[in-house]
Participant: 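Quick one: the structure is below, and I'll ask about it shortly.
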Amino acid sequence: MMKELKPILDDQMNKAIKSLHNQMGKVRTGRATAAVLDGITADYYGSQTPIKNMGQISTPEARLLQIQPFDKTLIPAIEKAILAANIGLTPGNDGNFIRIQFPALTEDKRKAFVKDVKKMGEDAKVQIRNIRRDQNDKVKAAEKDKKISEDESKKIQEEIQKITDNFIKEVDNVVNAKEKELLTV
(Lines give C-alpha, C1' and ligand atoms only; values in the text may rest on other atoms or scores of the structure.)
Protein backbone atom coordinates (compact mmCIF):
# COMPACT_ATOMS: atom_id res chain seq x y z
CA MET A 1 0.00 0.00 0.00
CA MET A 2 2.90 2.38 0.70
CA LYS A 3 3.98 2.05 -2.94
CA GLU A 4 0.66 3.61 -4.00
CA LEU A 5 0.73 6.32 -1.30
CA LYS A 6 4.34 7.51 -1.70
CA PRO A 7 3.92 9.09 -5.19
CA ILE A 8 0.69 10.77 -4.05
CA LEU A 9 2.37 12.12 -0.91
CA ASP A 10 5.42 13.35 -2.80
CA ASP A 11 3.31 15.00 -5.49
CA GLN A 12 0.95 16.79 -3.08
CA MET A 13 3.71 17.90 -0.71
CA ASN A 14 5.89 19.09 -3.60
CA LYS A 15 2.97 21.24 -4.74
CA ALA A 16 2.87 22.82 -1.26
CA ILE A 17 6.62 23.56 -1.48
CA LYS A 18 6.24 24.96 -5.00
CA SER A 19 3.41 27.20 -3.83
CA LEU A 20 5.60 28.43 -0.98
CA HIS A 21 8.42 29.24 -3.42
CA ASN A 22 5.96 31.22 -5.59
CA GLN A 23 4.76 33.20 -2.57
CA MET A 24 8.33 33.85 -1.43
CA GLY A 25 9.24 35.16 -4.88
CA LYS A 26 6.68 37.92 -4.50
CA VAL A 27 8.16 39.19 -1.24
CA ARG A 28 10.30 42.26 -1.90
CA THR A 29 13.85 42.07 -0.60
CA GLY A 30 15.05 45.49 -1.69
CA ARG A 31 16.47 44.00 -4.90
CA ALA A 32 14.74 44.24 -8.24
CA THR A 33 13.03 41.05 -9.34
CA ALA A 34 10.52 40.43 -12.10
CA ALA A 35 8.58 38.12 -9.75
CA VAL A 36 6.87 41.14 -8.16
CA LEU A 37 5.02 41.62 -11.46
CA ASP A 38 3.62 38.07 -11.46
CA GLY A 39 -0.14 38.17 -11.34
CA ILE A 40 -0.38 41.80 -12.50
CA THR A 41 -2.33 42.24 -15.72
CA ALA A 42 -2.90 45.26 -17.92
CA ASP A 43 -5.41 46.05 -20.63
CA TYR A 44 -3.98 44.90 -23.97
CA TYR A 45 -6.42 45.91 -26.71
CA GLY A 46 -9.46 44.90 -24.68
CA SER A 47 -8.15 41.82 -22.86
CA GLN A 48 -6.30 41.51 -19.57
CA THR A 49 -2.77 40.27 -20.27
CA PRO A 50 0.07 39.56 -17.82
CA ILE A 51 2.66 42.36 -17.89
CA LYS A 52 5.45 39.85 -18.39
CA ASN A 53 3.84 38.97 -21.75
CA MET A 54 3.64 42.60 -22.87
CA GLY A 55 7.32 43.41 -23.00
CA GLN A 56 10.87 42.52 -22.13
CA ILE A 57 11.69 42.75 -18.42
CA SER A 58 15.26 43.26 -17.26
CA THR A 59 17.21 44.32 -14.19
CA PRO A 60 20.04 46.61 -15.35
CA GLU A 61 20.92 47.47 -11.72
CA ALA A 62 20.36 45.72 -8.40
CA ARG A 63 17.44 47.96 -7.43
CA LEU A 64 16.04 48.86 -10.84
CA LEU A 65 13.52 46.92 -12.89
CA GLN A 66 13.10 47.93 -16.53
CA ILE A 67 10.22 47.01 -18.82
CA GLN A 68 10.51 47.58 -22.55
CA PRO A 69 6.99 47.11 -23.97
CA PHE A 70 6.69 45.49 -27.38
CA ASP A 71 4.25 48.29 -28.26
CA LYS A 72 5.08 51.75 -26.86
CA THR A 73 1.41 52.71 -26.78
CA LEU A 74 1.00 50.23 -23.90
CA ILE A 75 3.24 52.22 -21.52
CA PRO A 76 0.34 54.11 -19.81
CA ALA A 77 -1.70 50.90 -19.38
CA ILE A 78 1.26 49.04 -17.84
CA GLU A 79 2.03 51.94 -15.48
CA LYS A 80 -1.62 52.14 -14.45
CA ALA A 81 -1.75 48.38 -13.76
CA ILE A 82 1.40 48.48 -11.61
CA LEU A 83 0.04 51.39 -9.57
CA ALA A 84 -3.36 49.67 -9.21
CA ALA A 85 -1.69 46.46 -7.98
CA ASN A 86 -0.63 48.38 -4.85
CA ILE A 87 2.75 46.64 -4.49
CA GLY A 88 4.44 49.73 -3.10
CA LEU A 89 6.36 50.58 -6.28
CA THR A 90 5.98 53.61 -8.51
CA PRO A 91 6.77 53.24 -12.21
CA GLY A 92 8.23 56.01 -14.34
CA ASN A 93 8.83 56.17 -18.07
CA ASP A 94 10.93 57.99 -20.62
CA GLY A 95 8.77 57.18 -23.66
CA ASN A 96 10.59 53.92 -24.44
CA PHE A 97 11.03 52.13 -21.12
CA ILE A 98 9.17 51.83 -17.86
CA ARG A 99 11.58 51.98 -14.96
CA ILE A 100 10.69 50.87 -11.46
CA GLN A 101 13.08 51.90 -8.70
CA PHE A 102 13.10 49.57 -5.69
CA PRO A 103 13.61 51.65 -2.54
CA ALA A 104 15.97 50.38 0.14
CA LEU A 105 14.03 48.60 2.86
CA THR A 106 14.00 50.05 6.36
CA GLU A 107 14.74 47.81 9.34
CA ASP A 108 11.07 47.87 10.38
CA LYS A 109 9.95 46.93 6.87
CA ARG A 110 12.47 44.06 6.78
CA LYS A 111 11.16 42.74 10.10
CA ALA A 112 7.57 42.98 8.86
CA PHE A 113 8.51 41.01 5.73
CA VAL A 114 10.26 38.37 7.88
CA LYS A 115 7.05 38.05 9.90
CA ASP A 116 5.06 37.57 6.67
CA VAL A 117 7.57 34.98 5.42
CA LYS A 118 7.30 33.00 8.65
CA LYS A 119 3.50 33.02 8.37
CA MET A 120 3.76 31.73 4.78
CA GLY A 121 6.05 28.97 6.02
CA GLU A 122 3.62 28.05 8.79
CA ASP A 123 0.76 27.93 6.27
CA ALA A 124 2.81 25.56 4.09
CA LYS A 125 3.50 23.34 7.11
CA VAL A 126 -0.22 23.22 7.90
CA GLN A 127 -0.91 22.24 4.29
CA ILE A 128 1.68 19.44 4.50
CA ARG A 129 0.28 18.22 7.83
CA ASN A 130 -3.22 18.14 6.32
CA ILE A 131 -1.91 15.95 3.50
CA ARG A 132 -0.34 13.66 6.12
CA ARG A 133 -3.63 13.48 8.03
CA ASP A 134 -5.60 12.60 4.88
CA GLN A 135 -3.17 9.81 3.97
CA ASN A 136 -3.15 8.46 7.54
CA ASP A 137 -6.96 8.40 7.45
CA LYS A 138 -6.81 6.29 4.27
CA VAL A 139 -4.40 3.87 5.97
CA LYS A 140 -6.61 3.62 9.05
CA ALA A 141 -9.64 2.98 6.86
CA ALA A 142 -7.77 0.20 5.04
CA GLU A 143 -6.84 -1.31 8.42
CA LYS A 144 -10.45 -1.06 9.61
CA ASP A 145 -11.65 -2.78 6.43
CA LYS A 146 -9.10 -5.55 7.12
CA LYS A 147 -7.21 -4.82 3.88
CA ILE A 148 -3.96 -4.41 5.84
CA SER A 149 -2.79 -5.61 9.25
CA GLU A 150 -2.35 -3.38 12.30
CA ASP A 151 1.45 -3.78 12.14
CA GLU A 152 1.51 -2.83 8.46
CA SER A 153 -0.70 0.17 9.22
CA LYS A 154 1.74 1.39 11.89
CA LYS A 155 4.73 0.91 9.54
CA ILE A 156 3.00 2.87 6.77
CA GLN A 157 2.03 5.67 9.17
CA GLU A 158 5.63 5.87 10.40
CA GLU A 159 6.85 6.12 6.80
CA ILE A 160 4.28 8.84 6.09
CA GLN A 161 5.57 10.70 9.16
CA LYS A 162 9.19 10.42 7.93
CA ILE A 163 8.21 11.87 4.54
CA THR A 164 6.25 14.65 6.27
CA ASP A 165 9.23 15.49 8.50
CA ASN A 166 11.48 15.80 5.44
CA PHE A 167 9.08 18.22 3.76
CA ILE A 168 8.69 20.24 6.98
CA LYS A 169 12.51 20.56 7.10
CA GLU A 170 12.46 21.75 3.49
CA VAL A 171 9.88 24.42 4.39
CA ASP A 172 12.10 25.53 7.29
CA ASN A 173 15.10 25.75 4.93
CA VAL A 174 13.15 27.87 2.42
CA VAL A 175 11.90 30.20 5.17
CA ASN A 176 15.36 30.53 6.76
CA ALA A 177 16.97 31.30 3.39
CA LYS A 178 14.39 34.00 2.63
CA GLU A 179 14.73 35.43 6.14
CA LYS A 180 18.50 35.63 5.72
CA GLU A 181 18.04 37.30 2.32
CA LEU A 182 15.64 39.86 3.81
CA LEU A 183 17.85 40.73 6.75
CA THR A 184 20.99 41.14 4.63
CA VAL A 185 21.49 44.83 3.94
Side-chain angles (χ1 to χ4, degrees), residues 2-42 48-54 56-59 61-67 81-89 91 100-140 156-185:
M2 190 59 204
K3 287 180 182 173
E4 298 108 43
L5 288 179
K6 187 165 178 19
I8 295 169
L9 272 172
D10 284 344
D11 182 51
Q12 291 177 342
M13 290 184 182
N14 274 323
K15 285 181 183 173
I17 297 290
K18 189 174 183 179
S19 172
L20 177 65
H21 279 291
N22 287 341
Q23 288 177 327
M24 295 286 180
K26 293 178 183 175
V27 175
R28 276 197 312 133
T29 59
R31 284 188 219 108
T33 174
V36 297
L37 300 176
D38 288 351
I40 301 176
T41 59
Q48 291 297 313
T49 306
I51 289 177
K52 62 183 180 181
N53 295 349
M54 298 172 77
Q56 182 179 356
I57 300 172
S58 61
T59 51
E61 296 174 23
R63 293 194 345 215
L64 181 68
L65 189 67
Q66 186 170 282
I67 306 168
I82 292 169
L83 287 170
N86 200 17
I87 56 175
L89 299 171
I100 304 170
Q101 189 72 37
F102 282 65
L105 296 178
T106 63
E107 192 65 28
D108 291 340
K109 198 73 164 157
R110 288 177 189 279
K111 288 179 180 174
F113 281 145
V114 166
K115 202 176 195 181
D116 292 344
V117 163
K118 286 184 177 182
K119 184 181 180 338
M120 289 176 201
E122 202 51 49
D123 291 345
K125 287 180 185 179
V126 167
Q127 199 175 1
I128 288 170
R129 290 182 189 123
N130 286 341
I131 294 166
R132 175 193 61 194
R133 184 198 61 226
D134 293 344
Q135 297 306 318
N136 279 340
D137 289 347
K138 287 180 184 177
V139 171
K140 289 174 187 173
I156 292 171
Q157 288 180 48
E158 286 173 13
E159 185 67 28
I160 289 171
Q161 184 60 47
K162 285 179 188 173
I163 293 169
T164 302
D165 290 343
N166 289 336
F167 278 97
I168 295 289
K169 281 181 192 169
E170 191 172 340
V171 167
D172 286 337
N173 291 340
V174 170
V175 169
N176 290 338
K178 190 65 171 186
E179 183 178 353
K180 185 178 178 185
E181 183 182 345
L182 280 166
L183 295 176
T184 303
V185 179

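Values reported hereafter were calculated over all heavy atoms of this structure, with side chains retained and with hydrogens, waters and symmetry mates removed.
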Participant: Is the closest side-chain donor-acceptor distance between R133 and N130 under 3.5 Å?
Facilitator: yes
Participant: Less than 4.0 Å between a side-chain N and a carboxylate O, is that true for D123 and K119?
Facilitator: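 Counted as a salt bridge, because a side-chain N and a carboxylate O are separated by less than 4.0 Å.
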Participant: Which atom pair, heavy atoms only, marks the closest approach of A81 to I40?
Facilitator: O-CG2, 3.7 Å
Participant: Is there a side-chain contact between I160 and N136, using heavy atoms and a 4.5 Å cut-off?
Facilitator: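 Yes, side chains in contact.
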Participant: Give me the atom names and distance for the closest heavy-atom approach of K52 to I57.
Facilitator: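 Minimum heavy-atom contact is CA-CD1, 3.7 Å.
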Participant: Is any side-chain heavy atom of L64 closer than 4.5 Å to one of F102?
Facilitator: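 No, too far: nothing below the 4.5 Å cut-off.
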Participant: Evaluate the criterion side chain to side chain contact (heavy atoms under 4.5 Å, CB included) for residue pair L5 and I156; output intermediate values, then yes/no.
Facilitator: CA-CA 9 Å; L5 288 179; I156 292 171; 3.9 Å; yes
Participant: List the atom pairs, with distances to 0.1 Å, where a side-chain N or O of residues 8-24 and a protein N or O form a donor-acceptor pair under 3.5 Å, not counting sequence neighbours.
Facilitator:
| unit_1 | atom_1 | unit_2 | atom_2 | d |
| --- | --- | --- | --- | --- |
| D10 | OD2 | K6 | NZ | 3.3 |
| N14 | ND2 | D10 | O | 3.0 |

Participant: Taking 4.0 angstrom as the limit, do K111 and E179 come out as a salt bridge?
Facilitator: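 The answer is no: the pair does not qualify as a salt bridge.
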Participant: Do I67 and Q56 have side chains that get closer than 4.5 Å, going by heavy atoms?
Facilitator: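 In short, these two side chains do not touch, never coming nearer than 4.5 Å.
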Participant: Ring of F113, cation from K109 - is the NZ or CZ under 6.0 Å from the centre and inside 45° of the axis?
Facilitator: yes
Participant: Has the side chain of R110 got a donor or acceptor atom that lies under 3.5 Å from a matching backbone atom of L182?
Facilitator: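 Pair found, side chain donor or acceptor close to backbone of L182.
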Participant: State the NZ-NZ distance between K140 and K138, to the nearest 0.5 angstrom.
Facilitator: 14.0 Å
Participant: Would you compute the distance between atom CG of L65 and atom OG1 of T33 and round it to the nearest 0.5 angstrom?
Facilitator: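 L65 atom CG to T33 atom OG1 measures 7.5 Å (nearest 0.5 Å).
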Participant: Within a strict 4.5 Å, meaning less than it, do heavy atoms of the I163 and F167 side chains meet?
Facilitator: yes
Participant: Counting C-beta onward and ignoring hydrogens, is there a side-chain heavy-atom pair between V174 and V117 closer than 4.5 Å?
Facilitator: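 Side-chain contact under 4.5 Å: no.
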Participant: Closest approach of L89 and P103, non-hydrogen atoms and distance?
Facilitator: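 Closest heavy-atom pair between L89 and P103: CD2-CD, 3.9 Å.
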Participant: Run the side chain to side chain contact (heavy atoms under 4.5 Å, CB included) check on K118 and V175 step by step: do they pass?
Facilitator: CA-CA 6 Å; K118 286 184 177 182; V175 169; 4.2 Å; yes
Participant: Atom CD of Q135 and atom CD1 of I131: how far apart are they, to the nearest 0.5 Å?
Facilitator: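 Between Q135 CD and I131 CD1, I get 8.0 Å after rounding to 0.5 Å.
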Participant: Pair E122, R129 - check salt bridge (Lys or Arg N to Asp or Glu O under 4.0 Å), show working.
Facilitator: CA-CA 10 Å; E122 202 51 49; R129 290 182 189 123; 3.5 Å; yes
Participant: Will you find, in the side chains of Q161 and R132, an N or O donor that is under 3.5 Å from an N or O acceptor?
Facilitator: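 There is such a pair (donor and acceptor under 3.5 Å, judged by atom type) between the side chains of Q161 and R132.
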